[in-house]
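Chain letters run A, B, ... following the sequence lines, proteins first and then strands; every chain starts at 1.
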Amino acid sequence: MARDYAEMEAKWQKAWADNRLNEAERDDGKPKFMIIFAYPGITGFLHVGHLRGYTYADALGRYKRMTGYNVMFPVGTHGTGNGCISLANKIARKDEKTVDYLVRNGCPESMLEELGEPMKVVEYFNEVYQNDYWRRFGFLADFRRFTCTLYPDYAKFIEWQFTKLKEKDLLIQKPYYAPACPSCGPVAVDPSETDLSKGGLAETQEYTLLKFWCESKQFFLVAATLRPETVYGQVCFWARPDMDYAIVSVNGEKWVVAPEAAEKLKLQFDGVEDAGTIPGKDLIGLMCRAPMLHKEIPVFPADFVDPAIGTGLVTSVPSDAPADWDSLEKAKANPDLVDVYGISQDVIDAVQPISIISIKGYGDFPAKDIMDRMKIADMKDPAKVKEAMEEAKKTVYKDGYHMGRMKDVCGDFAGLSVNEAKDKMRQAMVDSGEAVIFRDLNMEVVCRCGKTVHIRRIDDQWFIKYGDEQLTADTKKHARDMFLQPPEFYDNVQGTLDWYRERACVRLGKWLGTKFPFDDKWTIEAISDSTLYPIYYTISLYANTKQIEADQMKPEFFDYVILEEGNVDEVSASTGIPAELLDKIKADVHYWYPLDINLGGKEHMTVHFPVFLMNHRAILPDDMQPKGILVNWYVTGKNKDKISKSKGGAQPIPGAVADYGADAMRLYYANVASMFVDVEWDEDLVFNYKQRLERIVSTVEELIASEEDAPAGSIDMWLLSRFNTHLDEIRSSMEKYDLRQMTLTVYFDMAADMRWYERRGGKNKATIMKALRIWINSMMPVTPHIAEELWAMAGFEGLVASAQLPECDPAAVSAVAEYGENYLQSVISDVNEIRKMVDGDVTKTVLYTAPGWKNAIYKDAVAMAEEGTLGIPELTKKCMADPELKKNGKAVSDFAKKTAIDLKRTNLATAKALAEMDEKAFLVSAKDFISAETGITVDVAGADDENLYDPANKARVATPGRPAIYLE
RNA sequence: GCGGAAGUAGUCGAGUUGGCCAAAGACGCAGGACUUAAGAUCCUGUCCUUAGCGGUUCAUGGGUUCGAAUCCCUUCUUCCGCACCA
């Protein structure tokens, strides 16, 4: 059936908008429900994966609407940071990939000129997100309340928030080391490489700079190490003879380091100045005094030293560093030491590895052991050797760190475990002035702008004090009392909250965002301005409709409407906002808040959600704390990666909606898996959902169109019982926000029931309309457009989007009616099962229902089970007391035993239904149906019947609920 | 390393307060119906065995229990977070 989904969807979306169903207005007489999804950062076009979470939010909101709630579902975007700037820059310089990406996603070429300007990028994507994604998917979001973190009124809110944090002593200043680009300022180094063109996997490492005094030259050779605990094993020093080193003056001392390192030092230490250069070859052969060890060691040449890492000078600990062991062996064998550098053989011979750490499973020299074990000496391919050496280094470091113990040669530190010694020894050397701490990236990192990123010290950095004990304790307590899904998040968040310390909250340099209210050289960074914002949706409406202006939104305004502090006339006087309006806004804020659900992807679990909770706890009173957080997992690409926005693998959203329809995609998201697992994007699967929906649509269409009507019978009771039961299931699933279970009920179970009803010849018009009323209404949250279409077709009143889901009618629920059909299905299934085993054609079957005495026992057993007195001896005793039963002796006691055991494990309602059922009458009435289903003649008989036709003596095995079957 | 999660049939995935679980649903596959236009629809089947019985399963090996996919421990494997990144 060809159906123009786009047109149909647009029609209903317009109807919703015309009826203003999406607009959230305070209604003091009605319970409210406020749900948001964590607004997306503006980073370009979104992909089909993002819509997963957003769709959940809309579906939950719609469900709440149809169960009596006044719902607010606002949306917004997050533009803070440098994403938009870097995107605009790339567009401005006509970066080919970027332009191609934009065009492919439907950006008109004419827009490209304008988009070189960051704020234009923001404006453009604000429209794209709202129109091409959220409206297109049929979200009943209150677009009037849309806000963006770069709006001037939003900035006022953030300023107020920071004023509050400061008042509560939660803002502090201290020095801070951050990766920074010389022109763009601090950048984020992470695998997504949002800010970078290279090096997203780099880690910041804390090196210990060791100072080696060189008496003859009166300067320090400065080596960087990650293993300060190995200083007692130093035997020599490595420098590159083929490069020039820089001499810098640091607080009056002269340090020799690689030129790259000199630049880095300037970023992290004060008073670093250039003081000349020295050729590397001039360093070879010098003697220098090793820190802590206090021994003179010689400088040897080495070609493995990389000037870009650390200081470009390396201290040698052959016992525990495979590279050092290897290099030392080579160096000693190198005649240049004597011939070229004039080092005396005595000095060379004196360089012997010192055993300093004992590790279980290793000998005196772990570095040598690991190389022997890995047979590195036998390797020929240089690339393989390099890889193996890297591996060897890691292994020996790891084992040493966890199992190693310092040996006696290690002075005061002897006997300590390596991980203890590491910190203590570093601290000791720092205290004695022999070492300083230096931070460096472990690989090259290049900013989007093309410059190399280094670690830089930033003084007077502002932090939010998330480590505050009281705040942490209060937040943890609240997190125990609220709704958090999935359960492991509920547990983990406690630990995450504990682990939070200070967090840098402002940035220098070119960033989009709100200026820091206490010093406008800083810009508030992206996470810190997106923690309290849901409450702002209750206010944004007034700014968006120009009822208030940004510059009227002074701190006292927020104090009044949010915290109910201050005097309305004074606030009105100072802001120029009428008192009535102030009170109206205040009433709105307190009607809608607290937030009921904040829904976001799993990436928010350790960052956004905890700070969201902490900021609420820090600033708002008890009755405004968030009530729930729902975390959704991702839609991933084929290779299990998160579908990457930048890599452009996924289909653009508008194309996907056009292909499958918004409802099919919504159903796909809701039903394909639990919220809490990743799913792989699979177009075929989406197509399947589309087909399933179409099948449901045509089923409903046919039911509505059918002219037939028939009197109601047992199958009608069955259908209404089932559908009313489903209503309860839907409600209990949604109680837990379990959309998957809910959609399973609505789109699978109910569809199957409807089919069975038709198959059983159900044709009662009134029953059908009652069932459709329930069914179509149940489809509204997830597939609203199709529900609307069917609702209209069935002639129901108004829009289903504003209809209320019927309550389950307990009078319609009948265990007996439901049991009958299950019974029938299992009889048919048994007949088929047995027929499969029989050779030759089957023409006839006889179904024997259980004899009266078995039914009598069963009834007794059920009655006893209801009273809770059922047991094998009790039941047997009771049976034997009956003279009629006693005649059957052993058969009775066996059956009583079996019945008692069975009943203990079956559902009592089912058992009762069976006990009340007249099986024989039921089977007689269903005879024709069974016959039609199986294609064979059916006879029904009771095992007690006189002149029973029972050639195979089957009737004796019949039990209640399980007729015996004979085939011929 | 630290912390967390998870391993279920050909596949994706339910089921994890222990019992009604040979284990939902979907997909795939096989047979049939309808038809020969459809990535259509509808039935039936899909661990082994078998007149519906029974047997053996839920990464692995052990344990607790009258009873375990579900609880405890071994081992193996996979995934995720670890901070200034939304």
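Ranked by how close their nearest RNA chain B nucleotide is to the 5' end, A:Val607 and A:Ser829 are led by A:Ser829. Comparing A:Trp756 and A:Met605, the nucleotide of RNA chain B nearest to each residue sits closer to the 5' end for A:Trp756.
Side-chain contact between A:Val697 and A:Glu701: present, with at least one pair of heavy atoms (C-beta onward) separated by less than 4.5 Å.
For A:Asp684 against B:G39, a side-chain N or O and a base N or O form a donor-acceptor pair under 3.5 Å. Donor-acceptor pairing under 3.5 Å, judged by distance alone, is present between the side chain of A:Arg740 and the base of B:A24.
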A:Asn598/A:His604 under side-chain hydrogen bond (donor to acceptor under 3.5 Å, both in side chains): CA gap, chis, key distance, verdict:
CA-CA 11 Å; A:Asn598 185 353; A:His604 295 304; over 6 Å; no

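Rounded to whole Å, the separation between the P atoms of B:C29 and B:G19 comes to 35 Å. Going from the P atom of B:U11 to that of B:C73 covers 29 Å, rounded to whole Å.
Here A:Arg695 reaches the OP1 or OP2 of B:U41: one of its side-chain N or O atoms lies under 4.0 Å away. Between A:Arg755 and B:C43 there is a side-chain N or O to OP1 or OP2 distance below 4.0 Å. Contact annotation: A:Gln691 does not reach the phosphate of B:G39 (side-chain N/O to OP1 or OP2, under 4.0 Å).
Using a distance-only test at 3.5 Å, with no hydrogens or angles considered, a donor-acceptor pair links the side chain of A:Ser931 to the main chain of A:Ile936.
Summarising the geometry, atom CZ belonging to A:Phe612 is positioned 6.0 Å from atom CD1 belonging to A:Ile36; distances are rounded to the nearest 0.5 Å.
Put simply, A:Phe748 does not rest on the base of B:A26: the two rings are not both less than 5.5 Å apart at their centres and under 30° in tilt.
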